[in-house]
Number of protein chains: 2
Amino acid sequence: MAVPSSSNELFTPAASPLFLREDEVRRGVELLYFGYTRLTRSVDELLVEHGFGRAHHRALYFIARQPDLPVNALLKILSITKQSLGRVLNDLSAKGLVETRAGEQDRRQKLLRLTESGLAFEAQLFETLRTGLSAAYAAAGQESVTGFWRVLEGLIPEDEKPMVMKLQGRGR
Amino acid sequence: MAVPSSSNELFTPAASPLFLREDEVRRGVELLYFGYTRLTRSVDELLVEHGFGRAHHRALYFIARQPDLPVNALLKILSITKQSLGRVLNDLSAKGLVETRAGEQDRRQKLLRLTESGLAFEAQLFETLRTGLSAAYAAAGQESVTGFWRVLEGLIPEDEKPMVMKLQGRGR
DNA sequence: AAGATGGGACAGCCATGTTGACGTATCTTG
DNA sequence: CAAGATACGTCAACATGGCTGTCCCATCTT
């Protein structure tokens with residue numbers, strides 16, 4: 001009775017940095033959930049007006065980010081099956097937003113890139129993201145922004161970091 | 001020709017805090033996407049082993065967070081229809097993880113709470129989240145963590161902030 | 001007593017993920 | 001050069017978790 005059980009966090013509030021207070025973790029989980037969903041919500045509205053869904057946006061986004069991306073690379077970025085991606089890419093090319101060319105060294109590859117109108121649409125979607133995220137950045141201040149980045153980077157497994165860094169043109 | 005168009009960002013790199021450099025915004029978008037999905041990925045695995053999906057976790061999570069939550073309050077938190085939530089709640093109570101009581105002031109309400117085994121399961125799921133997020137917190141440092149929180153708070157629309165703050169027992 | 005509200009249920013649709021099986025073109029290698 | 005690996009595509013079937021629309025009951029409010 002006098003001695004709290006060893007699993008009682010109140011007993012050792014700063015015991016280990018890997019065993020933080022529950023409330024701090026719950027706060028992060030909730031902010032991540034609400035922040036993420038609210039940022040994407042505005043984009044979703046724009047998408048449905050054009051008959052697309054979130055999956056189409058993801059493909060558009062990453063193709064815009066890395067023109068001439070081979071299908072396989074996009075599959076790895078999205079971590080979905082080629083069947084799922086296939087549907088999405090078919091929709092996008094049927095509507096003239098995406099086009100493909102054969103790879104030059106390896107002609108089995110199909111390199112994905114956005115058409116003129118694909119670029120325009122992606123830019124429009126991105127503007128929505130920019131508006132939301134810029135406001136949050138500005139309200140929080142530059143120092144908070146780097147903290148924001150640092151924590152999120154820590155959530156990405158080591159073996160996936162190179163892929164993310166490469167997207168951002170930051171070596172590996 | 002000599003004067004860049006007003007939409008050219010290179011012309012006014014620090015023009016307005018609401019119009020940040022594209023790369024900074026894209027970096028945030030990507031880290032948010034990968035960070036969020038990677039954090040939830042480990043939980044997903046645990047869930048499918050028990051025959052549940054992400055939707056079940058969300059319900060479990062918020063019921064754990066606010067015992068005796070009325071159905072209507074949970075609907076607002078999740079922003080889904082009552083039909084969608086109904087399915088999830090039926091699954092959870094069929095498996096004995098959630099139970100309901102009639103409200104005391106208003107007996108039309110059903111107050112949701114977790115059973116013993118519901119609490120145990122939610123705790124197990126939460127451990128997975130804690131492990132991932134604690135590691136990221138620890139690697140980034142306390143100052144980064146507050147920045148992380150601040151930016152995410154800025155992504156939540158004003159009219160929804162009270163709901164989120166209330167979850168975290170931080171007044172409104 | 002009438003209407004509003006909290007909750008539940010049935011039916012059907014859609015988007016987007018999954019497996020599994022196969023086919024074809026091209027590259028790589030013994 | 002033949003054999004196998006790889007990149008990509010497609011057909012088919014299924015699961016999850018959103019959605020709309022409709023109707024119902026119990027209870028609270030007026």
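Reminder, nothing fancy here: chain letters follow the sequence lines and each chain counts from 1. Both backbone and side-chain heavy atoms feed into the values below; hydrogens, waters and symmetry mates do not.
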Salt bridge present between Arg27(A) and Glu22(A) (N-O < 4.0 angstrom): no
N or O in side chain of Ser84(A) less than 4.0 angstrom from dT18(C) OP1/OP2: yes
Phosphate-side-chain proximity, Arg41(B) and dG17(C), N/O vs OP1/OP2 below 4.0 Å: no
5' priority, DNA chain C, between Leu89(B) and His56(A) [closest heavy atom]: Leu89(B)
Salt bridge present between Arg150(A) and Glu153(A) (N-O < 4.0 angstrom): no
Pair Arg65(B)-Asp23(A), salt bridge (Lys or Arg N to Asp or Glu O under 4.0 Å): steps then yes or no: CA-CA 10 Å; Arg65(B) 195 71 162 132; Asp23(A) 278 349; 3.7 Å; yes
Whole-Å gap separating P (dA7(D)) and CZ (Arg101(A)): 19 Å
Ring geometry between Tyr137(A) and Trp149(A) (parallel below 30°, tilted from 30 to 60°, perpendicular above 60°): perpendicular
Nearest-angstrom distance from the residue atom CZ of Arg87(A) to P of dT19(C): 13 Å
Under the ring-ring contact (aromatic ring centres under 6.0 Å, His included) test, residues paired with Phe34(B) that sit two or more places apart: Phe62(A)
Helix axis bend for the helix from dA1(C)-dT30(D) to dG30(C)-dC1(D) - C1'-based end axes, five pairs, 10° rounding: 30°
Parallel, tilted or perpendicular: ring planes of Tyr61(B) versus His57(B), cut at 30 and 60 degrees: perpendicular
OP1 or OP2 of dG18(D) under 4.0 Å from side-chain N/O of Thr81(B): no
Note: Glu158(B)-Arg38(A) ion pair, threshold 4.0 Å (strictly below): no
Sugar-phosphate, base or nothing in reach of Arg54(B), heavy atoms under 4.0 Å: sugar-phosphate
Between Ser84(A) and Thr81(A), a side-chain donor and acceptor under 3.5 Å: yes
Short side-chain N/O contact from Asn90(A) to OP1 or OP2 of dG9(D), under 4.0 Å: no
Sugar-phosphate, base or nothing in reach of Gly53(A), heavy atoms under 4.0 Å: sugar-phosphate
Short N-O contact, Arg26(A) and Glu122(B), less than 4.0 angstrom: yes
B/S/- contact track for nucleotides 20-30 of chain C, protein heavy atom under 4.0 Å: BB---BBS---
Nucleotide dA7(D), atom P - distance to CG of Leu74(A) in whole Å: 14 Å
Gap between atoms CG and P, on Leu47(B) and dA15(D) respectively (whole Å): 18 Å
Any Phe52(B) side-chain heavy atom under 4.5 Å of Leu97(B) side chain: yes
Value in whole Å for how far the C1' atom of dG8(C) lies from CG of Asp91(B): 15 Å
Whole-Å gap separating P (dA15(C)) and CG (Asp44(A)): 13 Å
Distance, rounded to the nearest Å, where Leu85(A) contributes CG and dG9(D) contributes P: 8 Å
Rounded distance (Å) that lies between atom C1' of dG7(C) and atom CD of Glu99(B): 18 Å
Closest nucleotide among dC8(D), dT19(C), dT16(C) to the Gln109(A) side chain: dC8(D)
